[in-house]
Protein chains: 2
Amino acid sequence: MRADAKKNYSHILTIAREVLIEEGADASMRDIARRANVGLATLLRHFPTREALFEALLCTNLDALTQKAGELETSNSPGEAIMSWFREWMTFAQSYRGVVALMAAAHTNPDSALYASCAAVHSASARLLLRAQAEGAARADMNGDDMFGLMAALGWLVDLPSFAPRADHLVHLVTDAILTNRPGNGGKRKGGRKVVR
Amino acid sequence: MRADAKKNYSHILTIAREVLIEEGADASMRDIARRANVGLATLLRHFPTREALFEALLCTNLDALTQKAGELETSNSPGEAIMSWFREWMTFAQSYRGVVALMAAAHTNPDSALYASCAAVHSASARLLLRAQAEGAARADMNGDDMFGLMAALGWLVDLPSFAPRADHLVHLVTDAILTNRPGNGGKRKGGRKVVR
DNA sequence: ACCTGAACACCGTTCAAGT
DNA sequence: ACCTGAACACCGTTCAAGT
């Protein structure tokens, strides 16, 4: 990349972050270009789609998030890890209004620039769930898709202003549901080693 | 309303229903007008906003839904009522792709043509929850907003194709969480009459 | 009364023309 | 190499002009 292009690239990212935080994830690309003092075509060559722009914007946040997942996998109890993970996700979800809807859509579409990032979050979630299930700390009748689905659903909900105040409580309620073995499957800790801690 | 206007009105509704089912709740208004063989301005005078159009389209579904809530309030056990109600909502949510996102947004905005409909669903949910709480069948540490929030979240999730297959299961998981008195508040059936059935 | 085409200000996509 | 203005096909809003 040429020096002027490089400079443009990082300047665009800086401004885009500002605009998207102010206006939400569906801000106009034209608006971003305008505020960056750059031609719209220039913005779109650096980031051909909204997803591509977000991929670049989110990589910092997402790296922090997945790294956190790694830490949680070793340091905490499986149950506490699930709760912390969910809360980390909710913080991420509030980085940009509408970002979860964008990621949820990208999750289905392998061509999306956000697909890999979604997959990373998905698999981290699945790993944490599996570990909890192996220890009998999480209900056995759910899978990684369910886990990610609940995260997406609550992550989406939280950027509706009316629901944001109760978000923490809803997360508590849902993680509670994930972590408690309900009567129906409480005896099903088939493969899991007994809770030895 | 004049005879020709009346005819236009119902014809537009018929076509709009078709288009919105095919294309989802964010289909182009222009497209709807085109397919109804009507000027765009005509469509927009009958239904000045997308919300107004949906208000007219959904009133049948919503009447059925709220009526169902009334039945559930008397016929079933409070717990079963909550579960049935949630499932009814999920069926409604799948009537049009994106309709829950539309309603969730309208929920905050008193000027929206869908505001009253949202409020009706909200209050029906709150009533059913209160009854269940009074009998100690639902956890006491949540309110109508939480209930509606969970309904919105799962209703939104279900129109992402990747999550639709697991939706029933997630509803089961969440209603489970609502209905079981968790250890922390299991003893808190303060006002509730003992479960006498 | 009711309908409609057209003008308007937006959007993202695309590309020929500039440096 | 990289940038940009402009043309394009869309969108919802608005209104003067028709019946």
Side-chain angles (χ1 to χ4, degrees), chain A residues 1-20 22-57 96-99 101-103 105-106 109 111-114, chain B residues 1-20 22-57 96-99 101-103 105-106 109 111-114:
Chain A
M1 186 149 24
R2 236 165 54 180
D4 54 341
K6 185 97 189 168
K7 197 184 156 204
N8 251 341
Y9 181 89
S10 54
H11 178 239
I12 288 175
L13 270 185
T14 307
I15 302 296
R17 172 166 279 121
E18 285 178 22
V19 177
L20 290 168
E22 283 176 31
E23 315 251 337
D26 50 356
S28 149
M29 296 292 271
R30 234 189 188 89
D31 210 34
I32 295 172
R34 264 192 298 257
R35 293 206 9 199
N37 286 320
V38 150
L40 171 58
T42 304
L43 167 61
L44 291 171
R45 201 164 29 74
H46 281 297
F47 309 103
T49 63
R50 185 179 302 277
E51 282 83 8
L53 175 56
F54 264 98
E55 203 279 328
L57 271 178
Y96 301 91
R97 257 177 305 124
V99 71
L102 206 65
M103 290 197 67
N109 175 17
D111 295 334
S112 166
L114 279 172
Chain B
M1 186 153 19
R2 235 167 51 181
D4 55 339
K6 187 95 187 169
K7 198 185 154 204
N8 251 341
Y9 181 89
S10 55
H11 178 240
I12 288 174
L13 270 186
T14 308
I15 303 296
R17 175 166 277 122
E18 286 177 21
V19 177
L20 290 167
E22 284 175 31
E23 315 252 337
D26 51 354
S28 150
M29 296 293 272
R30 236 190 186 88
D31 210 32
I32 295 173
R34 264 193 297 257
R35 295 211 2 203
N37 288 319
V38 151
L40 172 58
T42 304
L43 167 61
L44 290 171
R45 201 164 29 75
H46 281 297
F47 309 103
T49 61
R50 184 180 303 278
E51 282 82 10
L53 175 55
F54 264 98
E55 203 279 328
L57 271 178
Y96 302 91
R97 255 177 304 125
V99 71
L102 206 66
M103 290 196 67
N109 175 17
D111 295 333
S112 166
L114 280 171

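It should be emphasised that the depicted structure is a prediction, and the values quoted were computed from it without experimental measurement. Chain A is the first sequence line, chain B the second, and so forth, proteins listed ahead of strands; every chain is numbered from 1.
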Atom [atom1] of [X] and atom [atom2] of [N]: how far apart are they, to the nearest Å?
{"X": "B/K6", "N": "C/dC3", "atom1": "NZ", "atom2": "P", "result": "13 Å"}
{"X": "A/F47", "N": "C/dT13", "atom1": "CZ", "atom2": "C1'", "result": "18 Å"}
{"X": "A/I32", "N": "C/dC11", "atom1": "CD1", "atom2": "C1'", "result": "13 Å"}
{"X": "B/D26", "N": "C/dC11", "atom1": "CG", "atom2": "C1'", "result": "15 Å"}
{"X": "A/D31", "N": "C/dC10", "atom1": "CG", "atom2": "P", "result": "10 Å"}
{"X": "B/E51", "N": "D/dG12", "atom1": "CD", "atom2": "P", "result": "12 Å"}
{"X": "B/R50", "N": "D/dC11", "atom1": "CZ", "atom2": "C1'", "result": "10 Å"}
{"X": "A/L44", "N": "D/dC2", "atom1": "CG", "atom2": "C1'", "result": "15 Å"}

With B/L114 as partner, the option from B/T49, B/V99, B/L102, B/N109 fulfilling side chain to side chain contact (heavy atoms under 4.5 Å, CB included) is B/L102
By the Watson-Crick or G-U definition, both distances under 3.5 Å, C/dG5 is matched with D/dC15
Would you say [X] and [Y] make side-chain contact, with heavy atoms under 4.5 Å?
{"X": "A/R50", "Y": "A/L53", "answer": "no"}
{"X": "B/E55", "Y": "B/E51", "answer": "no"}
{"X": "A/I32", "Y": "A/L20", "answer": "yes"}

Quantified in whole Å, what is the P atom distance between nucleotide D/dA7 and nucleotide C/dC8? 16 Å
Point-to-point distance, once rounded to the nearest 0.5 Å, from [atom1] of [X] to [atom2] of [Y]:
{"X": "A/T14", "Y": "A/Y9", "atom1": "OG1", "atom2": "OH", "answer": "11.0 Å"}
{"X": "B/E22", "Y": "B/Y96", "atom1": "CD", "atom2": "OH", "answer": "12.0 Å"}
{"X": "A/D31", "Y": "A/L43", "atom1": "CG", "atom2": "CG", "answer": "11.0 Å"}

Are there any protein N/O atoms within less than 3.5 Å of an N/O atom in nucleotides 4-8 of chain C, and if so, which ones and at what distance?
unit_1, atom_1, unit_2, atom_2, d
C/dT4, OP2, B/G39, N, 3.0
C/dT4, OP2, B/T42, OG1, 2.7

Picking from C/dT14, C/dC11, D/dG12, the nucleotide nearest the side-chain atoms of A/S28 would be C/dC11
Output yes when at least one side-chain N/O atom of B/H46 is less than 4.0 Å from OP1 or OP2 of C/dC2, else no.
no
* Any side-chain N or O of B/R34 less than 4.0 Å from the OP1 or OP2 oxygen of D/dC11? -> yes
